[in-house]
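These notes concern the structure reproduced below.
Everything numeric in this text was worked out from a predicted model, so none of it was measured. In what follows, every chain begins at residue 1, and chains take the letters A, B, ... in the order their sequences are listed.
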Protein chains: 2
Amino acid sequence: MIKVRANKYHVIYKEWAEKIKTGELKAGDTIPSENDLAQIYGTSRETIRKALNLLAQNGFIQKIRGKGSVILDVQKMSFPISGLVSFKEISKGFQAEATTTVHDIGLIKPDAFLMQQLQASKKDEIWKVIRSRKIGDERIILDKDYFLKKHVPMLTKQICESSIYDYLEHNLQLSISFAKKEIVVEECTEEDYKHLDLEGFTHIVVVKNYVYLENTSLFQYTESRHRLDKFRFVDFARRGV
Amino acid sequence: MIKVRANKYHVIYKEWAEKIKTGELKAGDTIPSENDLAQIYGTSRETIRKALNLLAQNGFIQKIRGKGSVILDVQKMSFPISGLVSFKEISKGFQAEATTTVHDIGLIKPDAFLMQQLQASKKDEIWKVIRSRKIGDERIILDKDYFLKKHVPMLTKQICESSIYDYLEHNLQLSISFAKKEIVVEECTEEDYKHLDLEGFTHIVVVKNYVYLENTSLFQYTESRHRLDKFRFVDFARRGV
DNA sequence: AAGTGGTCTAGACCACGAT
DNA sequence: TCGTGGTCTAGACCACTTA
């Protein structure tokens, strides 16, 4: 059921990413040279380079001309909302138990705001899902998801309680490809007060996500609203294009 | 003085990125196929593919198997703190005038906090720079920068008033390579109240940056403190890996 | 069937760092 | 000088979309 990428370079990438993540290899060590790796794996050097470039892009190694590829300290990089990950995937990294409550699920007609956010027309139908996330014993995150029905024909409460993304990718075979993300801080709404334990905070961090499929069609708009003191975003960035 | 990358694939990347940014090519259009481009530029297809992969990574195009490369809507992506950009580079995109005030600059010995953040020893000396950024007529951002003196021997008030990064890259020839970024919300400090127009906000968005050189040595720790209502972070992310 | 992008190869030359 | 990573080539086969 799960789509496995069996590309050589991807396999090699995963293999070394794992070695670094588990701490089998330590920060400061160097990995074998590209030529050595090409021999070890019986591939061409360009294939090795694709794997190493992935490692570099994702912050596992730093390639240094004339020297080799040095392993970076990857420990601090926990809890990334970075990239494109769903709450289910993120919550694996939590210590405390995380539970999801579905407050609202149903088909609606888009208002002006949604028509703009989803580039939808009056005729489009939209799945609206409101969920809160409890971590430990506090309700901390409020997720408001909107899916175009033409891409997601059916949705149930049960699906929303586990992982919508699992369902979309594995059952509907949708290929989620990229997203535009925006992080801002807004005043809390009635809805926030109702569903979250706000502890007196008057503002809330809002992560807005516009999610696209492989064919470049926008199919989801999401607002993930995080209580100020519990929000954390981690990112790894390389300079210059 | 400025280092120009004259790689074929980089030139091709810049050329098409420019065409898309300026709107000469519109979202939804397709660019020529890889084979066509290889012919046009008189290069191999792999070189074209390196250029197109850069375009895809940076959100300019979406490559679709069997079809071609479609141009994405890149307009909404203004004001990225994403990637690694300095305030000077960001402020180009502002409507209003942006000015920088230097409040403090000097060499200090690291306290426990800084020793940890910069992985420094007691013997290290550190440049401390405190600056506020005024946009329009409000002081909105407080930047606290710490540089290891062994990498940055000299710093002046004048340099800090323009762009420290310009100075580091062009005059000191330092190669800034990558950074780890963390975004959280904290309570305002005395320092924030003193240097910023906080308008009653009790909390502040803090962007913490750990900046590394090409040889993987950490040389800078920065806190960029943004007033809640003026903070905006935009990102483009691809799913998987 | 033809055209597209995705993977992979075996080789070449270059710029850079260590020795 | 030698080994490293960075760029580039000319070709091959594949999976996919479109006609």
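- Checking D:dT4, C:dC8, D:dC8 against every side-chain atom of A:Asn35, the shortest atom distance belongs to D:dT4.
- For B:Gln39, the CD atom counts as loosely surrounded, since its 6.0 Å shell holds 12 or fewer non-hydrogen atoms of other residues, nucleotides or ligands.
- The nucleotide whose nearest atom lies closest to any side-chain atom of A:Arg49 is, among D:dG6, D:dC8, C:dT9, D:dG6.
- Rounded to whole Å, the distance from CG on A:Asn53 to C1' on D:dG6 is 10 Å.
- Residue A:Tyr9 places no side-chain N or O under 4.0 Å from the OP1 or OP2 atom of C:dC8.
- One N or O on the side chain of A:Gln62 and one on the backbone of B:Glu214 form a donor-acceptor pair closer than 3.5 Å.
- Atom CG of A:Leu155 is separated from atom CG of A:Asp145 by 9.0 Å, given to the nearest 0.5 angstrom.
- We find that CD of A:Gln39 is positioned 13 Å from C1' of C:dA10, with the value rounded to whole Å.
- Annotation: A:Lys14, atom NZ; neighbour count of heavy atoms from other residues, nucleotides and ligands within 6.0 Å does not exceed 12.
- Ring geometry, B:Phe233 versus B:Phe231: the interplanar angle falls under 30°, so the pair is classed parallel (tilted spans 30 to 60°).
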What string of B, S and - do you get for nucleotides 13-19 of chain C, 5' to 3', if B is base contact, S is sugar-phosphate-only contact and - is no contact with any protein heavy atom under 4.0 Å?
---BSS-

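- Rounding to whole angstrom units, CD of residue A:Glu34 and C1' of D:dG3 are separated by 12 Å.
- For the pair B:Lys8 NZ and D:dA10 C1', the interatomic distance rounds to 12 Å; values are reported in whole Å.
- Considering only side-chain N and O atoms, A:Thr47 lies nowhere under 4.0 angstrom from the phosphate OP1 or OP2 of C:dT7.
- Classification of the A:Phe147-A:Phe219 ring pair by plane angle, with boundaries at 30° and 60°, yields tilted.
- The distance between atom CG of B:Leu54 and atom C1' of D:dC8, rounded to the nearest whole Å, is 15 Å.
- Listed here is the closest heavy atom pair of B:Ile64 and A:Asn215: CD1-CA, 3.9 Å.
- C:dT7 atom P lies 10 Å from atom NE2 of A:His10, rounded to whole Å.
- Across the protein-nucleic acid pair, B:Asn7 atom CG and D:dC8 atom C1' stand 10 Å apart, rounded to whole Å.
- When rounded to the nearest whole Å, the span between NZ of A:Lys50 and P of D:dG5 equals 18 Å.
- DNA chain D is contacted by A:Ser33 of residues 26-33 of chain A, taking any non-hydrogen atom closer than 4.0 Å.
- Side-chain atoms of A:Trp127 come within 3.5 Å of backbone N or O of A:Val152 as a donor-acceptor pair.
- A distance-only check finds no donor-acceptor pair linking the side chain of B:Asn7 to the backbone of B:His10 [under 3.5 Å].
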